[in-house]
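To start, the structure under review is shown below, and the notes come after it.
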There are 2 protein chains.
Amino acid sequence: MPSDEPDDAQRAAPLARIGRQPSTSHAELSHVALQLFIEHGFDNTTVDDIAASAGIGRRTFFRYFPSKNDLPWGDFETLLDRMRVFLRELPADMPVVDALCTAVIEFNRFPLEEVPYHRQRMELLLNVPSLMAHSTLRYTAWRQVLAEYVAGRLDVPVDSLRPQTLAWAFLAVSLSAYEQWLKHDDADLIQLLSEAFRMLDTAFDRQEHSLPPASPPSPPGP
Amino acid sequence: MPSDEPDDAQRAAPLARIGRQPSTSHAELSHVALQLFIEHGFDNTTVDDIAASAGIGRRTFFRYFPSKNDLPWGDFETLLDRMRVFLRELPADMPVVDALCTAVIEFNRFPLEEVPYHRQRMELLLNVPSLMAHSTLRYTAWRQVLAEYVAGRLDVPVDSLRPQTLAWAFLAVSLSAYEQWLKHDDADLIQLLSEAFRMLDTAFDRQEHSLPPASPPSPPGP
DNA sequence: ATACTAATGACACTCAGTGCCGAAGGGAAG
DNA sequence: CTTCCCTTCGGCACTGAGTGTCATTAGTAT
């Protein structure tokens, strides 16, 4: 889990603030919920369970998180901001693709002691259908960060083909690396990411692109 | 819309079948629903509306489609089968990446008269958050088809890094092309796809991959 | 003590999705 | 035509997510 305080002491600190104090925090809810998800499964855990377990009312829960699906993500926006800054401060003469590689890798580097926790989170996010689906919306925001950088560097519109395609491709490769990471207990995420980027790099090598004219019509799809 | 009959005459044809005749069809429901979605918006259309508009009971609706989100996809599995076959029948000495390009392009070729309909479908699928999210699950099946082909060609496990990364990358590029297609009324999808594939091809050219050692730890993300 | 402010939680409501079960509509055998 | 056997239909009740409303609670400032 990202941001917020380490774990305990949320309701302490009589901050010089006006009005009633919050009775919990994003981080605490995230923790409590993740625990329940791992114990009983995501689908078998109701929002009532979570609220009860956190000692708050059901209605209050929805003031902290817009949906049950948002719990495992925690405070993603803050992370995106960090990546934005990181990209902005890279040397302007660094090849765009290298910049993206570096930023994405940096984005996925985190302290050793957080690894197990992160694993659990990602295990859920990449395996529970409901969460897989919901995560798409987060990925969109993530891609947007990359696309904006590329667009800035190349001086083209953010929504044009090149920034969007690169952003999509980097997301794709990252997720692919994550899948491998989860599949092997001893894997190193950073290494997998580098490897996956490199693979994309060389995937198209050693052959010309014929792209034959293709045959008769056939229906649609993504 | 994929499979099923052109549009009308669903309840005709006294097929030599036992038991009561179905009172509608996937295709008809898809049509009715899509109409409503376009008219009133996806979120403002309830399943009751759709059922009523199709002249069936709400309960019956869920016997045709497992969820409201599945409506715009129609019979996707059939399309996937078609792509599987197409891939299988490609010459075994064609470079893997070329094979994927060809298959994906083939998969997205469809008769002119269906283009407007397809556009509407995809407009929804790529813009309505709820549908964007749900589509992820379909994309997973789509990726699996590509990954299986790559794995077969390269004689490695389906769930290993290379097949998965390639599948992800091709999905990414396809979606990126689709976004462009939707953004420009006069765009040619096939052309955009080729262009996007080529871009990925050359994206990594003209620079070595430094991938610097990177700095201090920072939290996670996709 | 009083006024103001912000968070809480109870209640009621909408909508998606599911299990259950009797009823409707069709073919086939008597 | 009647009966039996299927299969689909659709009503009902229920769970669970998410939202609007509003009185209540717990703080700070005066």
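Residue numbers begin at 1 in each chain, while the letters A, B, ... track the order of the sequences. All heavy atoms count here, side chains included; hydrogens, waters and symmetry mates do not.
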What does B:Ser130 touch in the nucleic acid at a heavy-atom separation under 4.0 angstrom: a base, only the sugar-phosphate, or nothing?
-> nothing
Atom pair CD (A:Glu148) and CZ (A:Arg84), whose distance is rounded to the nearest 0.5 Å | 6.0 Å
Polar side-chain contact A:Arg20-C:dT8 base: donor and acceptor under 3.5 Å | no
Round to the nearest Å and state the distance from A:Lys68 atom NZ to D:dT19 atom C1'.
-> 18 Å
Can you figure out which of D:dT8, C:dA6, C:dA16 approaches the side chain of B:Pro22 most closely?
-> D:dT8
Identify the heavy atoms of A:Val158 and A:Gln164 that sit nearest to each other, and give their distance.
-> O-NE2, 2.8 Å
Nearest-Å distance, CG (B:Leu29) to P (D:dT8)?
-> 15 Å
Tell me: CZ of B:Phe62 to C1' of D:dC14, nearest whole Å?
-> 14 Å
In whole Å, what is the span from the CZ atom of A:Phe61 to the C1' atom of C:dC11?
-> 19 Å
Any idea which heavy atoms bring A:Val173 and A:Ala196 closest together, and the distance?
-> CG1-CB, 3.3 Å
Within the structure shown, what part of the strands sits under 4.0 Å from A:Tyr64 by heavy-atom distance: base, sugar-phosphate, or nothing?
-> sugar-phosphate
Spacing between A:Asp70 atom CG and D:dG18 atom C1', to the nearest angstrom = 12 Å
For A:Trp73, the option from A:Leu125, A:Leu137, A:Leu131, A:Leu79 that meets side chain to side chain contact (heavy atoms under 4.5 Å, CB included) | A:Leu125
Check if the side chain of A:Arg59 and the base of D:dG18 share a donor-acceptor pair of N or O atoms closer than 3.5 Å.
-> no
Nearest whole angstrom, please: distance from the C1' of D:dA17 to the CZ of A:Arg63.
-> 16 Å
Whichever of A:Pro66 and B:Ile56 has the more 5' nearest nucleotide on DNA chain D, that residue is B:Ile56
Looking at CG of A:Leu161 and CE of B:Met199, how far apart are the two atoms once the value is rounded to the nearest 0.5 Å?
-> 4.0 Å
Which residue, B:Arg58 or A:Gly57, contacts DNA chain C at a nucleotide closer to its 5' end, judged by nearest heavy atom?
-> A:Gly57
Here the distance between atom C1' of D:dA17 and atom CZ of A:Phe65, to the nearest Å, is 16 Å
Check every atom of D:dC9, C:dA16, C:dA6 against the side chain of B:Ser23 and return the nucleotide holding the closest atom.
-> D:dC9
Separation of atom CD in A:Gln21 from atom P in C:dC4, rounded to whole Å = 20 Å
Regarding the side chain of B:Thr60, the nearest nucleotide among D:dA17, C:dG27, D:dG10 is D:dG10
